Amino acid sequence: MKKLLLLFLLTGMVATAQQNLTIEQATYGQYQAYAPKSLTAPQWRTDTKTITYLDNTYSKLMSRSEESKWEETTFLTKQDLTAALKAKFPSDYFSFQIFPYRYEWKDKNTISFDATGTNGTYLVLFDVEKKEVKHAISFSKDATQQTMAPNGTKAAWLNENNIVITDENGNNTNVTNDTDKSIVNGSDYVHRQEFGINKGMWWSADSNMLLYYRKDETMVANYPLVNFGERIAKENDIRYPMAGMKSEEVTLVIYNIASKTKTTLKTEGPKEQFLTCVTWSPDNKYVFVGVLNREQNHLKLNRYEAATGNFVNTLFEEQASTYVEPLHNLTFLPNSNDKFLYRTEKDGYEQLYVYNTDGKLIKNLGYNDVIVMELLNFDAKGKTVFYVGTANNGLDRQLYQVNLKSGKTIQITNGSGTHSVMVSSDGSLALDSFSNTTTPNDVSIIATASKKTTSILKSDNPYTGVTELPKMELVTITAADGKTPLNGRLIYPVNFDANKQYPVMVYVYGGPHAQLVTNDWLGGASLFDYYMAQQGYVVFTLDNRGSDARGRDFEHVIHRNLGQNEMADQMKGVEFLKSKSFVNQDKIGVYGWSFGGFMSTSLMLNHGDTFKVGVAGGPVCDWQYYEVMYGERYMDMPQENPEGYEKASVVNKASKLNGRLLMIHGAQDNVVVQQHSMQFINACITAGKQVDYFLYPTHEHNVRGKDRIHLNHKIADYFDTHLK
């Protein structure tokens, strides 16, 4: 009897293991329950051979060191932080749910982190040896974008559209006092965060000056978003500079702490130019700014004197017949005030160049067709620098080391796949998290000189005993130009039978700065793609020309002609699908969001004989309704390129709709405003075409949180109803 019971239990376990994913699991499982085992929030302790990370309970900071032969020990606990904060601020109450996830090493004995007490929020510098607070700045709970000065004695923050500086004694200085909300100071939301912009305030190295953006958008048209949550729906105006219309005017201002004076950099030129690559010189004397014209085809890298704001010199200029896209600040070489690294794709691939502050090119550090994806540390002597770059036609990520003087480059990692790497402050060691299509995650320590590897963690397949993921393979397809290899991903239906025919869901993005197919765990796919394969679909994705990680010419083919070459390449993917006997050629659908929504709609209208069902989320329907910075980079102004805008528009092609199309939009979308889909829906009504539409009243450009489950359920149901 016991044997029969055991057999029954085991049989039940096996049956459970073979169950398909639920829509809930498919939505968040790969980031939570089924995320491969890894180190959480790892960092190198500065000037040591020690890594730190959070334990499985998120309550402790753990460490492993070369000295301890990489054995795990407890380094700090959240209780240590609570006790130190209580000692520093006895009148406040602190309780950490987890050890601060965004802790950061400032030096060998100091970490920084954010803390929230009953009375306020704090930026903290914590001495890990003494287990005490070195410096802490207290803010109002309404404070945003706090940034601490390098010396830890003060911090700048935003009170709505104005900058305040608070010192560690709690004294506040109002740097700006603009009452017009359309004058925005210190915000990272400048030029709509294009051009690599991710901050709006920069402290000088000596902590005596604060450099900040001042954005004047009073001349930009108001755009209404409607909040339906009020008893009477309320209009929420935003400033939205549409292509071809007035854009914001931005300047850079330096605030001197001692004199309490402001100096505006004399970035002369048209008021609607873009200011980026903002970098202090290490000696605090100069500020470097990339000045890009509104046409985005001419960049000047300029130097300005911090004391006066005066223009000093133009180091160099970049011009292109398509566009120039600066994305990174300058990185000065160690112990140098006059030499820096600059990243640009001017020679075909985004790579590193050494310049001096007179604008002289010292060394081109480019290596083959490798694209620099992430710049890491210098070595201890400042003679080499490490970076993560592409390999294998953009599918892989590898660790490289390049000599700054000779340009000689060494590839340190070798396994084909994705290496996510952090290099120690002296460059002697690297923490490598490696995955590919058959490896969930292998974490190891690499001695960069010898390439000797020490494994510290290997993740098992997190789906074992939970579900059986369908087979996935990476494929190569030739682009419509007849020569360029494109990366594709094919996920087979569960319990695949080559003698059967299956419907297809093509998942597409296709636009700049996005890569969907990668040589890592799950092949870059979301778990929702695997869910659809478990429901009986072939799921296919192709990174067409115009997408990321393949170089300038691969991406720039889209210039002034959005959607055209991208669609041509996607149809080559369809040819590949149709060559497979197991593909039902009468049941091919397409789904995408944002640029992918534009692509989905475009494919439905231009190739309606192929695509029978489409889902387009947050779609750009007419590029003249999109914003200046992104839209004009790729399409120029509507008045300069009317043919390109006309060809790219899906609104004027609504009469071509034959299949079933579901268009989804967030009512609060401030990126692709709802006017896009409204224009298309109206055109469908005029043309007598039926189209399905769904609005998420409270969401912006994407549907996040628990409602994402609702979204995925709706998409899956739509394909099941109209394609399957």
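Scope of the values below: all heavy atoms of this structure, side chains included, with no hydrogens, waters or symmetry mates. This structure is a prediction, so every number in the text was calculated from the model and none was measured.
- For F332, the ring pair (Phe, Tyr, Trp, His ring centres under 6.0 Å) partners two or more places apart in sequence, or in a different chain, are F288, F340.
- The pair R397-E374 does not count as a salt bridge, with every side-chain nitrogen at least 4.0 angstrom from each carboxylate oxygen.
- Under 4.0 Å is where a charged nitrogen must lie from a carboxylate oxygen, and between E317 and K300 no such pair does.
- Rounding to the nearest 0.5 angstrom, the gap separating the CE atom in M209 from the OG1 atom in T261 is 10.0 Å.
- When only modelled atom types and interatomic distance are considered, D107 and T46 share no side-chain donor-acceptor pair under 3.5 Å.
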Evaluation steps, side chain to side chain contact (heavy atoms under 4.5 Å, CB included), between L125 and V133: CA-CA 6 Å; L125 292 181; V133 175; over 6 Å; no
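- Using a 4.0 Å cut-off between charged nitrogen and carboxylate oxygen, D347 and R552 do not count as a salt-bridge pair.
- No side-chain donor-acceptor contact under 3.5 Å links K246 to the backbone of E272.
- Under the rule for a side-chain contact (heavy atoms from CB on, under 4.5 Å), the partners of K271 that lie at least two apart in sequence or sit in another chain are E249.
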Can I get a per-line list of side-chain donor-acceptor pairs under 3.5 Å for residues 152-159, giving both atom names and the distance, sequence neighbours left out?
residue : atom : partner : partner atom : Å
T153    : OG1  : N151    : OD1          : 2.9
T153    : OG1  : N151    : ND2          : 3.3
K154    : NZ   : S207    : O            : 3.3
W157    : NE1  : T166    : OG1          : 2.7

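- Nearest heavy-atom pair, L275 versus T267, reported as atom, atom and distance to 0.1 Å: CD1-OG1, 4.0 Å.
- Annotation: ring pair (Phe, Tyr, Trp, His ring centres under 6.0 Å) contacts of F94 (sequence neighbours excluded): Y122.
- Between the CG atom in D358 and the CG atom in L361 there is a gap of 13.0 Å [rounded to 0.5 Å].
- Side-chain N/O atoms of E318 and H298 include no donor and acceptor closer than 3.5 Å.
- Side chains of N356 and K339: a donor-acceptor N/O pair is absent below 3.5 angstrom, by distance only.
- One side chain, Q401 or T384, offers a donor N or O that lies under 3.5 Å from an acceptor on the other.
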Does the side chain to side chain contact (heavy atoms under 4.5 Å, CB included) test come out yes or no for L376 and V421, once each step is laid out? CA-CA 9 Å; L376 303 174; V421 183; 4.3 Å; yes
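- In terms of the salt bridge (charged side-chain N to carboxylate O under 4.0 Å, His left out) criterion, residue partners of D636 (sequence neighbours excluded) are, by chain and number, R560.
- Between the side chains of E325 and H513, at least one donor-acceptor pair of N or O atoms lies under 3.5 Å.
- For D127, the side-chain contact (heavy atoms from CB on, under 4.5 Å) test picks out N109, E129, K130, E132, K134, with sequence neighbours left out.
- In this model, no donor atom of one side chain and acceptor atom of the other lie less than 3.5 Å apart for T357 and D338.
- Counting only N and O atoms by type, the side chains of N297 and E295 include no donor and acceptor under 3.5 Å apart.
- Checked against side-chain contact (heavy atoms from CB on, under 4.5 Å), P638 has the following partners two or more places apart in sequence or in another chain: A243, Q624, Y645.
- No side-chain donor-acceptor contact under 3.5 Å links N302 to the backbone of V289.
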Would Y387 and L341 satisfy side chain to side chain contact (heavy atoms under 4.5 Å, CB included), going step by step from the backbone distance to the final call? CA-CA 12 Å; Y387 63 87; L341 294 177; over 6 Å; no
Given ring pair (Phe, Tyr, Trp, His ring centres under 6.0 Å), test F126 with Y103 step by step and report yes or no. CA-CA 10 Å; F126 182 84; Y103 77 95; over 10 Å; no
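- Around the CD atom of E230, the shell of radius 6.0 Å holds more than 12 heavy atoms that belong to other residues, nucleotides or ligands.
- Judged by distance alone, the side chain of E627 and the main-chain N or O of Y630 form a donor-acceptor pair under 3.5 Å.
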Test log, rule side chain to side chain contact (heavy atoms under 4.5 Å, CB included), inputs L375 and V385: CA-CA 8 Å; L375 182 62; V385 70; 3.8 Å; yes
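- No donor-acceptor pair closer than 3.5 Å links the side chain of N174 to the backbone N or O of T176.
- Using modelled atom types and a 3.5 Å distance limit, the side chains of W105 and S425 yield no donor-acceptor pair.
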Using residues 276-287 as the side-chain source, report each donor-acceptor pair under 3.5 Å to any protein atom, sequence neighbours left out, with the distance given to one decimal.
residue : atom : partner : partner atom : Å
T276    : OG1  : F195    : O            : 2.9
T279    : OG1  : C277    : O            : 3.1
T279    : OG1  : L330    : N            : 3.0
W280    : NE1  : W202    : O            : 3.1
S281    : OG   : D283    : OD1          : 2.6
S281    : OG   : K285    : N            : 3.2
S281    : OG   : Y286    : N            : 3.0
S281    : OG   : Y286    : O            : 3.3
D283    : OD1  : K285    : N            : 3.1
N284    : OD1  : A205    : N            : 2.9
N284    : OD1  : D206    : N            : 3.2
N284    : ND2  : D206    : OD2          : 3.3

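- For F99 and Y58, the gap between ring centers reaches or exceeds 6.0 Å.
- A donor-acceptor distance shorter than 3.5 angstrom exists from the side chain of N364 to the backbone of G366, with no hydrogens or angles considered.
- Side-chain contact, E305 with T308: a donor N or O sits under 3.5 Å from an acceptor N or O.
- No close placement of the F386 and F378 rings is indicated, their centers lying 6.0 Å or farther apart.
- A donor and an acceptor atom, one from each side chain of D178 and N185, are located under 3.5 Å apart.
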Can you give me every donor-acceptor pair (side chain of residues 250-257, partner residue at least two apart or in another chain, under 3.5 Å) with its distance?
residue : atom : partner : partner atom : Å
N256    : OD1  : A258    : N            : 3.0
N256    : OD1  : S259    : N            : 3.0
N256    : OD1  : S259    : OG           : 3.2

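- Electrostatic pairing of E248 and R239 does not count as a salt bridge here, judged by no charged N lying under 4.0 Å from a carboxylate O.
- Taking the side-chain contact (heavy atoms from CB on, under 4.5 Å) definition, one finds that Y189 meets it with S187, R192, Q193, K215, sequence neighbours left out.
- Results of the side-chain contact (heavy atoms from CB on, under 4.5 Å) test with N702 over R704, H699, E700 single out R704 as the only residue that passes.
- Evaluation of the ring pair (Phe, Tyr, Trp, His ring centres under 6.0 Å) rule for F595 yields Y509, F598, W623 as partners, not counting sequence neighbours.
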Determine, stepwise, if the pair S424 / K49 fulfils side-chain hydrogen bond (donor to acceptor under 3.5 Å, both in side chains). CA-CA 7 Å; S424 62; K49 300 182 188 302; 6.0 Å; no
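- Under the rule for a ring pair (Phe, Tyr, Trp, His ring centres under 6.0 Å), the partners of Y323 that lie at least two apart in sequence or sit in another chain are H556, H559, Y634.
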Check step by step if salt bridge (charged side-chain N to carboxylate O under 4.0 Å, His left out) holds for K86 and D92. CA-CA 7 Å; K86 184 64 177 176; D92 209 343; over 6 Å; no
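- Side-chain N or O atoms of N377 include one that pairs as donor or acceptor with a backbone N or O of V423 at under 3.5 Å.
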